[in-house]
Amino acid sequence: MKLSHSQGQLQSQSPLISAHIAQTMSLLYMTSAELLQTIDVELSKNPALEVIPERRCPMCGRRLPENGPCPVCSQPKTMEPDETIIFVSPRDDFYTYNGSAGSSYDTDRPEEPFSSENLDLPTYVLSQVAPELEKEERPLAAMILTNLDEDGFLAIEIREICRFHHVTPEKVETVLKKIMRCDPLGVAARSVQEALLTQVEFLSESTQVPEFVRRAISEEFDLLSKHQYSELAKKLGTSIQKIKLVSHYISENLNPFPARANWGNFRQPNGNTPDVFHQPDVMIYYLNNKPGNPLIIEIITPSRGTLRLSPLFKKALKEQTGEQQEEWKKDLDKANLLIKCIQQRNNTMRQLMEQLAAIQKSYIIQGDVHLQSLTRAEIADKLGVHESTISRAVANKTVQLPNKKIIPMSTFFDRSLAVRAVLRSIIENESHALNDTEICASLEERGINVARRTVAKYRSMEGILPAHLRKLEKFATA
DNA sequence: CTATGGCACGGATT
DNA sequence: AATCCGTGCCATAG
């Protein structure tokens, strides 16, 4: 969609350069998943573009970049542990996880993000529910789990399961409920809405969920997904500010697409829920997944192989004449432009990640508390690009950290994350329920100066109850 | 009276 | 120019 917009400009008003800029900007703004779509569309209607099949590294099975050797295996053996390998990695397999039973990732790619448990999704889930299932429920569970789509949603109707196994819908629902409470929380839900609700349900058992979250999802999901906060506030009879908190909470703690995120992390005992998002645009992990090894940063550029101008098309172009040639020439230019723009996008993303990795390395390795304060403008300055370039490059993108959490890239610029992390630890270790003023003082001892009012805000962001309520909750039985 | 949440303002950031 | 964020002031609940 976005692309056709800039194409319009290309044809009419174009000095090529302005089209180039327009398209570069819009590409930069896209997430990897969106870019993949765009490329597919373009491939299907532009004969000048072609894909040459992927090449894989014989050592590690990783897809190779356009030219040159494998960015990981070709590194000298004597790398210092604090070095970082950073490269643009063309791949699309990552986005087409097939959840049906028996399928698995290529076995020659040991570092697949999802295979950390060496299980595929259905097996992984089944291993969790199995103990809770009655004998006659098992075939139902099996059928459900083998019919998940790539996002982890149930891809068949309940009645089909009923018909197949000759059972009542209630039976199926029961099993489904059990499954949805398994680790990618909300897996096998029938909609985003149902998945989110399941997660809220689960979280509210162990942690405090801000009010209106549940109602916003169950009653006004339309408005919520369209980010129509003012409207939403009106309908629920509350303020916009509250709704903002709600939306913040949802994006921080819930995951609309169960199967896309990291499994294995969601259930943590003390309500310390990791942020969960969908497919990452950048992956960061240790070489061979061994902590302490150099970091590897893969910037995912989606493609089903390497994109290039078709030599056959070029040849054919020369033999054409007149109008037809004009027509084809346009296609060729367009294709050429797209390729250039993608390269530029990759280049920008690489530079950006280089900076981020350098500055936020301790955050990446050691977690929230070590996040350095940083603004997009600073990065822009270092790279000598306009700040809006960085904004676009960061917007809507996600990064997978070595601990398998997937976070929005904007987290690298979050001014309050580190403080909130300290606040959390203060409250975890408190010996009596500290009120906001005391928390404020405690933070000050650690060299953090924030207003009492701000403490209250952070607290509610973290879904932590106020002191007088915590007193009851935490210390009641003691 | 104290602790907390709502609202609104201003400065920083995008 | 629009948005986000921290903060101060005030109302209110306990």
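The sequence lines fix the lettering, A, B, ..., with proteins before strands; numbering per chain opens at 1. Computation of the quantities below employed the complete heavy-atom set of this structure, encompassing side-chain atoms and omitting hydrogens, waters and symmetry-equivalent molecules.
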*asked:* Does the protein touch nucleotides 2-8 of chain B at the base, only the backbone, or not at all? Give it as B, S and - per nucleotide, heavy atoms under 4.0 Å.
replied: -SBBBB-
*Along nucleotides 9-14 of chain B, 5' to 3', which nucleotides get a B, which get an S, and which get a -, given that the test is a protein heavy-atom distance under 4.0 Å?*
----SB
*Just checking A:Val394: base, sugar-phosphate only, or nothing, at a heavy-atom cut-off of under 4.0 Å?*
nothing
*Do any pairs count as a salt bridge (charged side-chain N to carboxylate O under 4.0 Å, His left out) and have a residue in residues 362-376 of chain A, sequence neighbours left out, and if so which ones?*
A:Asp368-A:Arg424
_5' to 3' contact window, DNA chain C with chain A (heavy-atom distance under 4.0 Å)_ = C:dC4 to C:dC9
_All side chain to side chain contact (heavy atoms under 4.5 Å, CB included) counterparts of A:Ser218, not counting sequence neighbours_ = A:Leu197
_Over all atoms of both residues, closest heavy-atom pair of A:Asp331 and A:Pro47_ = OD2-CD, 3.7 Å
*Got a sec, which residues hit salt bridge (charged side-chain N to carboxylate O under 4.0 Å, His left out) with A:Lys329, two or more places apart in sequence or on another chain?*
A:Asp333
*Can you name the salt bridge (charged side-chain N to carboxylate O under 4.0 Å, His left out) partners of A:Arg214, sequence neighbours left out?*
A:Glu201
*Listed once per pair and sorted, the salt bridge (charged side-chain N to carboxylate O under 4.0 Å, His left out) pairs that draw on residues 335-356 of chain A, sequence neighbours left out*: A:Arg350-A:Glu354
*asked:* Using the side chain to side chain contact (heavy atoms under 4.5 Å, CB included) criterion, which residues pair with A:Ser310? Sequence neighbours excluded.
replied: A:Glu50, A:Leu312, A:Phe313
*Considering residues at least two apart in sequence or located in another chain, which fulfil the side chain to side chain contact (heavy atoms under 4.5 Å, CB included) criterion with A:Gln360?*
A:Tyr363, A:Leu371, A:Gln372, A:Leu374, A:Phe412
*Could you list all the salt bridge (charged side-chain N to carboxylate O under 4.0 Å, His left out) pairs where at least one residue sits in residues 439-459 of chain A, not counting sequence neighbours?*
A:Asp436-A:Arg459
*Excluding sequence neighbours, so at least two apart, what forms salt bridge (charged side-chain N to carboxylate O under 4.0 Å, His left out) with A:Glu438?*
none
